[in-house]
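Residue numbering restarts at 1 for every chain, and letters A, B, ... go by the order of the sequence lines. The model shown is predicted, which means the values in this text are computed figures rather than measured ones.
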Amino acid sequence: MKRREAIAGLGALGVLGAGGAVAFGQLGNSEGDRIDPLELPRIDAPGSPPGTETVPETGRVTYLSLFATWCTICQDKMDPLGEAAAAVDDDVQFVSVTNEPVGKTVDAGEVASWWADHDGSWPVAYDETLELSRRVGARGVPYSVVFDADNRVTWSDGGYQETDDILGHIPGRE
Amino acid sequence: MDRRHYLAGSAAAVTAGVAGCLDSVFGGSPGATDDVVLDAPDRYEDLRESRDNGNLTFPIHADELPGATVTDALSGRELSTRAYAGERHTLLTFIFARCTMVCPTLTAALAQVQANARDRGYDDELAFMPTTFDPEHDTPAVLESFSEDVGAVPGAEAWHFLRPDGAAGAETVVTEQMGVWFDFVPESEREMSNMAYSHNSVILLVNADGYVERGYNGSRVPGGAGLLDDVETLRNRW
């Protein structure tokens, strides 16, 4: 081990760390945390035109579902998600985001095919740098987060949800 | 990649350790010993006591990675878990491919690190050793396809899916040598028909000197983002 370099590297990280803390607060997903929006590339798929998706979007309530195409629970959750997506109006941002390394080892086209096969019909994007996962404190999938119009987390949880459970956490749709 | 977001993310990941780091910058490693560079994990003293009295069976921060010689399923060659000591940081996890719960999550976290390392050109600093404890079901073809499904590149030079020789080999390598517990669940006792084993959920992050930096377990197992952050901190401090 190159001890001297280890120490030098540590110093630099420490300085950077202090700035990061000021920039956007703590890691974690506790309710009430305000999450700075991120602009994520959308996958060209049914209900999801090419472009970018800002998550969470300021000014609208956001329902975010983090998923991966290998995840069977995420697959099972597509039907309830579809029903919930159909039940909300345009004043709710309803969005799915995969944490898979799309554009690196996973092809966007494979995600688009999976999306179509499972009747996805709303915007789907990918977490290019895993920064969204970091900001909401997601350590696995599926993981869902509801944000109010000011991007504060009002609810988050992992695992499967039925349609009513999903809608039950979206303000005004309970 | 969005450079600004990337930097912010890296910074936040190390924030928690800053106070400890500043003290130790002048005194050596922020780890528990000079063999490791990541900060000692929370409750390290308790973990160390459990480890030393034998209650905790798998290696943790500052332990030397145990050596076990296992077949690399995809190349067919014998490989030691310590094959990269002196060369690369190594990530290990222990799974069965029929598992639809935590096993793909564990392996996908390794795949995330591989994908990012390839993208940023440091894949030659890392090795990956996901290990099956269900070799009878997990043939080389199954393990190759399972790797691809979770976003890994199984054909990459240092992606080694370790496959012990039969049930007895799995017991020897995974339980006895690596200290990771697993137990076959008879079909009549399963909650889901594919969940053939209960097991410890473990990821080991081992530095290029062959010492364990992190023995993540259970609720402490990070997702791809957390694992990637720890790998990048390790690289930066190395």
Item to check | Heavy-atom proximity to chain A below 4.5 Å, by part of B/Pro104 | outcome: both
Item to check | Any side-chain heavy-atom pair of B/Asn116 and A/Lys104 under 4.5 Å | outcome: yes
Item to check | Side chain, backbone, both or neither of B/Leu228 within contact of chain A (heavy atoms, under 4.5 Å) | outcome: side chain
Checklist entry - Looking at CG of B/Asn194 and OG1 of A/Thr72, how far apart are the two atoms once the value is rounded to the nearest 0.5 Å? => result 7.5 Å
Next on the checklist: Working to the nearest 0.5 angstrom, can you tell me the gap between A/Glu110 CD and B/Asp149 CG?
Outcome noted: 9.5 Å
Please tabulate, for side-chain N and O atoms in residues 85-97 of chain B, each donor-acceptor pair with protein atoms closer than 3.5 Å (sequence neighbours left out).
{"unit_1": "B/Arg88", "atom_1": "NE", "unit_2": "B/Asp124", "atom_2": "O", "d": "3.3"}
{"unit_1": "B/Arg88", "atom_1": "NH1", "unit_2": "B/Asp123", "atom_2": "O", "d": "3.4"}
{"unit_1": "B/Arg88", "atom_1": "NH1", "unit_2": "B/Leu126", "atom_2": "O", "d": "2.8"}
{"unit_1": "B/Arg88", "atom_1": "NH2", "unit_2": "B/Glu157", "atom_2": "OE1", "d": "3.2"}
{"unit_1": "B/Arg88", "atom_1": "NH2", "unit_2": "B/Glu157", "atom_2": "OE2", "d": "3.3"}
{"unit_1": "B/His89", "atom_1": "ND1", "unit_2": "B/Ala208", "atom_2": "N", "d": "3.0"}
{"unit_1": "B/Thr93", "atom_1": "OG1", "unit_2": "B/Val202", "atom_2": "O", "d": "2.7"}

Next on the checklist: Does atom CG (A/Asp91) have a neighbourhood of more than 12 heavy atoms from anything else shown, all under 6.0 Å?
Outcome noted: yes
Checklist entry - A/Tyr126: what forms a ring pair (Phe, Tyr, Trp, His ring centres under 6.0 Å) with it, not counting sequence neighbours? => result none
Checklist entry - If we only count heavy atoms from C-beta on, is the A/Ile73 to B/Met101 side-chain gap below 4.5 Å? => result yes
Item to check | B/Val102, part contacting chain A, at a heavy-atom distance under 4.5 Å | outcome: neither
Checklist outcome for this item: Nearest heavy-atom approach of A/Pro101 to B/Gln112 is CD-OE1, 3.7 Å
Checklist entry - Do B/Thr105 and A/Trp70 come within less than 4.5 Å of each other through their side chains, counting heavy atoms only? => result yes
Next on the checklist: Between A/Thr105 (side chain only) and B/Gly151 (backbone N and O only), is there a donor and an acceptor less than 3.5 Å apart?
Outcome noted: yes
